[in-house]
A.B. asks: 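Quick one: the structure is below, questions incoming.
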There are 2 protein chains.
Amino acid sequence: MNLKELSKNLGLSQTTVSRALNGYPEVSAATRKRVEQAAKEFNYHPSTRAKGLATGRALAIGHVIPVSTQHEMVNPVFGDFIAGAGETYSRNGYEMILSIVDDMNEEQIYRGLKSRRAVDGVIVHGPRIDDPRIALLTKLGLPFAVHGQVTRCDTPYTLLDVNNHEAFEQATKYLLDLGHRRIALVNGLESMDFAYRRRSGYEAALHACDIAIDPALMCSGEMTEVIGYENAQALLQTADAPTAFLCSSLISAMGVRRAIQECGLTMGKDVSVITHDDVLSYLQNGGDTPIFTATRSSVRTAGRRLAEVLLESIKNPSLPPQRVILECEFVVGQSTGPAPRKD
Amino acid sequence: MNLKELSKNLGLSQTTVSRALNGYPEVSAATRKRVEQAAKEFNYHPSTRAKGLATGRALAIGHVIPVSTQHEMVNPVFGDFIAGAGETYSRNGYEMILSIVDDMNEEQIYRGLKSRRAVDGVIVHGPRIDDPRIALLTKLGLPFAVHGQVTRCDTPYTLLDVNNHEAFEQATKYLLDLGHRRIALVNGLESMDFAYRRRSGYEAALHACDIAIDPALMCSGEMTEVIGYENAQALLQTADAPTAFLCSSLISAMGVRRAIQECGLTMGKDVSVITHDDVLSYLQNGGDTPIFTATRSSVRTAGRRLAEVLLESIKNPSLPPQRVILECEFVVGQSTGPAPRKD
DNA sequence: AAGCAAATCCAAAGCGCTTTGGGAAATTTG
DNA sequence: CAAATTTCCCAAAGCGCTTTGGATTTGCTT
């Protein structure tokens, strides 16, 4: 069923039917109702492609997911983020188109999306330090919104981020207040902006307490269970082992916990652990009471909100770039306790 | 830059330029080269929407991701599957469009995709027992391919699945051969087809050894770490506790491992664990040597293959429905050992 | 050199929608 | 009651591409 057939069926012109369906005022209430009824009855939906051609808008948002060539790693956060953004899109009649891309061909992809006029805007995932995409997209004139921030980037751009610095500063302080002095940081890849900010929060807290920063206590890498485990195990076997760990993800925290247990230690007593918790649907931090003390911020909510912000800025292009910073909730679980006394 | 401008630039007709770019034979090799050069130079890409309108094909595949309303759960497997499928699409000039949908509005979404002519086909995720989507999609005449199988469904359809029955039968047999007699099954939601098949494999192996099936040893639910933990903990505290666990996912297996450790037992010695491993990029089963004994099958490869199969069947609609069954690799890790002797 | 097929290219129609620029009918106004 | 609005609807153009049905040129034959 297309417009032509539908309008023939109704004995109206395509113009009128189109207008009735799109809420234009030049149509009487009676005919509008009649048209809407018929559209529902025949299950008529305008062809996205034709509509896009005619209006010049794609009614679609692109998500370009970088998959690092070396690690073949898909960010585990991605599923939930997409789910959140998807909610926003379907509420607003937008479609989400996804491009999986190894980081070599990124620029190609963005240029393609632009010149094929496939999308009205894009969401930038996994911003890195000095990320070249901001400059590229502004140059292309393709509206975009970033999930995260780009460290050294002077031109303003629309973004949504968790306050990573603040969260990790607060977490570190909490551990310091409990008497911990040797606090390890199990961070994400240092090329990622969020990891950079978390480290700076961690360092700021130590600094404020006049505690020297020990590079041996900081590690960074993909946030997997195994890597968390290996790092923690290595650290726990050193002479001056840390009494607390600060993790960038629940998954690595689980690895850390395993290392602690295997050393015959008890988490929350001998060794404390705080982790960032993205509230992934398949990775809850315990049931009613949280297991890990955590800095919590739902990545799904982030997806929903960021999509809203992007849609808004597309609808209203004169709007200045938006900056949404979400504060984490600090939840105390069973994984932290006072630093053990040295005997 | 559009076709008109490009052809004016070249002093050729739109026809010729279009044909040159699309590999039609009615163009001399010389002009083709010239056209291709110019297209590259001006970074010309045909508008997807216009092309779609003209050809009647969308050059896009839809992925409809069900997010259960009660659990708000995004299948953790999904990210990697999508990454695999995405590789295939970009190699073939297709786009992937994603719809996140709570299971109430599923039918609406599929009908919409069809009548808006937004996609050339869809991938069906998370098939359930007696899933109504097969019937719906065949009725709609929308090409589709299923990731998994639908238990009672007589009409043939294109699918790709892991041989779940075989894998879990083999795993159970392996445990039986090690002398285990009380084997617990920590399964996914029983409404999912894969969970059903895994249980049937488990039961078949027990049956073959004349071991009665004890419902108390079987649990099913979302495959989270916490649920795995809770189930295992409860089971380990019973009088006649299992000596082995069979898990449907690495995540629940990690929960099971935690329960084992907390009971002061050693995995691989006191209690054995086998899990299915989807080879998710952020959830490796150990480093060089696997931690868990596992039935292994990469979900990313599954995504790549299934997308290929779907594209093939779209290109060649007369093809009969394809059935691709992937066999799991059985890898022996450190989580299994002979059943402990009763003292 | 005339004749014919093959090789190249082009003009124009059409895909399904929106939107401009009117026109006819209904309503209000003086 | 004629004139001026307002209301409601329509024909046709246009979005950027593909594809049909020629037209023209070139290369071979005889």
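Worth knowing before you read on, the calculation uses all heavy atoms, side chains too, and leaves out hydrogens, waters and symmetry mates. Each chain gets a letter, A, B and so on, in the order the sequences are listed, and its residues count up from 1. These figures come from a predicted structure and were not determined experimentally.
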A.B. asks: With sequence neighbours excluded, what pairs up with Arg304(B) under the side-chain hydrogen bond (donor to acceptor under 3.5 Å, both in side chains) test?
C.D. replies: Glu87(B)
A.B. asks: For Asp120(A) and Ile61(A), indicate whether the former's side chain and the latter's backbone hold a donor-acceptor pair under 3.5 Å.
C.D. replies: no
A.B. asks: Tell me every residue that passes ring-ring contact (aromatic ring centres under 6.0 Å, His included) with Tyr89(A), counting only those two or more places apart in sequence or in another chain.
C.D. replies: His63(A)
A.B. asks: When the distance from CD of Glu5(A) to P of dG16(C) is rounded to whole Å, what number comes out?
C.D. replies: 8 Å
A.B. asks: Let me have a per-nucleotide readout for nucleotides 17-26 of chain C, 5' to 3', with B, S or -, counting only protein heavy atoms under 4.0 Å.
C.D. replies: BBBBB-----
A.B. asks: For Arg32(A), check salt bridge (charged side-chain N to carboxylate O under 4.0 Å, His left out) against everything at least two apart and list the hits.
C.D. replies: none
A.B. asks: Checking Arg323(A) now: which residues fulfil side-chain contact (heavy atoms from CB on, under 4.5 Å) with it, not counting sequence neighbours?
C.D. replies: Gln149(A), Leu159(A), Ile325(A)
A.B. asks: For the helix from dA1(C)-dT30(D) to dG30(C)-dC1(D), figure out the bend between the end axes, five pairs an end, and round to 10 degrees.
C.D. replies: 50°
A.B. asks: Under the side-chain contact (heavy atoms from CB on, under 4.5 Å) rule, collect the residues that match up with Ser318(A), sequence neighbours excluded.
C.D. replies: Asn316(A)
A.B. asks: Who pairs with Leu53(A) by side-chain contact (heavy atoms from CB on, under 4.5 Å), at least two apart in sequence or on another chain?
C.D. replies: Ala50(B), Leu53(B)
A.B. asks: With sequence neighbours excluded, what pairs up with Phe42(B) under the side-chain contact (heavy atoms from CB on, under 4.5 Å) test?
C.D. replies: Met1(B), Leu6(B), Asn9(B), Ala38(B)
A.B. asks: What's the CZ-P distance between Arg57(B) and dG16(C), to the nearest Å?
C.D. replies: 16 Å
